[in-house]
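Notes follow once the structure below has been shown.
Side-chain atoms are counted along with the backbone in the values below, which use heavy atoms only and exclude waters and symmetry mates.
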Amino acid sequence: MSSGRRGLQPRKQPRQVRAELTRQRILTAAAHVFAEHGYAAGTTNRIAERARVSIGSLYQYYPNKDAILLELLTRHLDTGMASTRQQRESGPPDSIEDIIRRQVRVVIENHREDPHLLRVMFEQTPRSPELFQRIAQYEREHIAYAQELLDGHPEVRVADTYLAARLVVATVELVVHQLIAEPDPVDVRRLENELVAMLTSYLTAPPGSKE
């Protein structure tokens, strides 16, 4: 178990600018290779060739392609967390519809850069304890912020804002991931509008109308 986890850790943490640039090139190349060829055919040799580094140089930074894929997914999650924190600092819009729209749009933008890579990351990345912890942290922060926006808002009619926050966060994440990462993805603006309408209706419906 412990040896497996070590096999997912980067071998070398760059201390110089040139080394950091090399690592960035490897990660950028890996993102292109996984997106174009998929996980099975996305070999370290292909990644090294795309990054224009020797295979030996690649292995100085990452022990295998799983470690590279794990870092790509970790960065994807970190981008989502950073967006949530920026939203929190900037303050919310006035209406519930605009609040939900901003939440949906951020998730869509974080998912649409390369849907094929997104599918590879979520389906093939090894699940390490560290990754589970990061995912849990991301969910806690996102849910806490969503509940903060719902609590006391005059348009909100749901009684349990904590449960509502969990439903909103889970629905946005799962629906956006599922539909954007599909081989035949939906139009993102239509997806945004329909998802915003659905969640706004749920949050603002008068008591008893959901029964």
If the condition is side-chain hydrogen bond (donor to acceptor under 3.5 Å, both in side chains), which residues does D78 pass it with, not counting sequence neighbours?
R134
Verify whether one side chain among Q133 and Q137 offers a donor that lies under 3.5 Å from an acceptor in the other.
no
Taking CD in E49 as the centre, count heavy atoms belonging to other residues, nucleotides or ligands within less than 6.0 Å. Is the count above 12?
no
Using atom types as modelled and distance alone, determine if a side-chain donor or acceptor of R46 lies under 3.5 Å from a backbone N or O of A41.
yes
In chain order, what residues pass the side-chain contact (heavy atoms from CB on, under 4.5 Å) check against E36, with sequence neighbours excluded?
H32, R50
Look at the side chain of K65 and the backbone N and O of A30, then say whether any donor-acceptor pair between them is shorter than 3.5 Å.
no
Listing request: all salt bridge (charged side-chain N to carboxylate O under 4.0 Å, His left out) pairs with a residue in residues 187-201, at least two apart in sequence or in separate chains.
R101-E192, R105-E192, E109-R189, R189-E192
Tell me, do L167 and Y162 make a side-chain contact under 4.5 Å, heavy atoms counted?
no
For E139, check side-chain hydrogen bond (donor to acceptor under 3.5 Å, both in side chains) against everything at least two apart and list the hits.
none
Same apolar cluster (I L V M F W Y, side chains within < 4.5 Å links), M198/V107
yes
List in chain and number order the residues that pass side-chain hydrogen bond (donor to acceptor under 3.5 Å, both in side chains) with T74, two or more places apart in sequence or in another chain; answer none if no residue qualifies.
none
If we ignore hydrogens and angles and just use 3.5 Å, is the side chain of R157 paired with the main-chain N or O of L203 as donor and acceptor?
no
My understanding is that only residues two or more places apart in sequence, or in another chain, count here; which of them pass side-chain hydrogen bond (donor to acceptor under 3.5 Å, both in side chains) with R52?
none
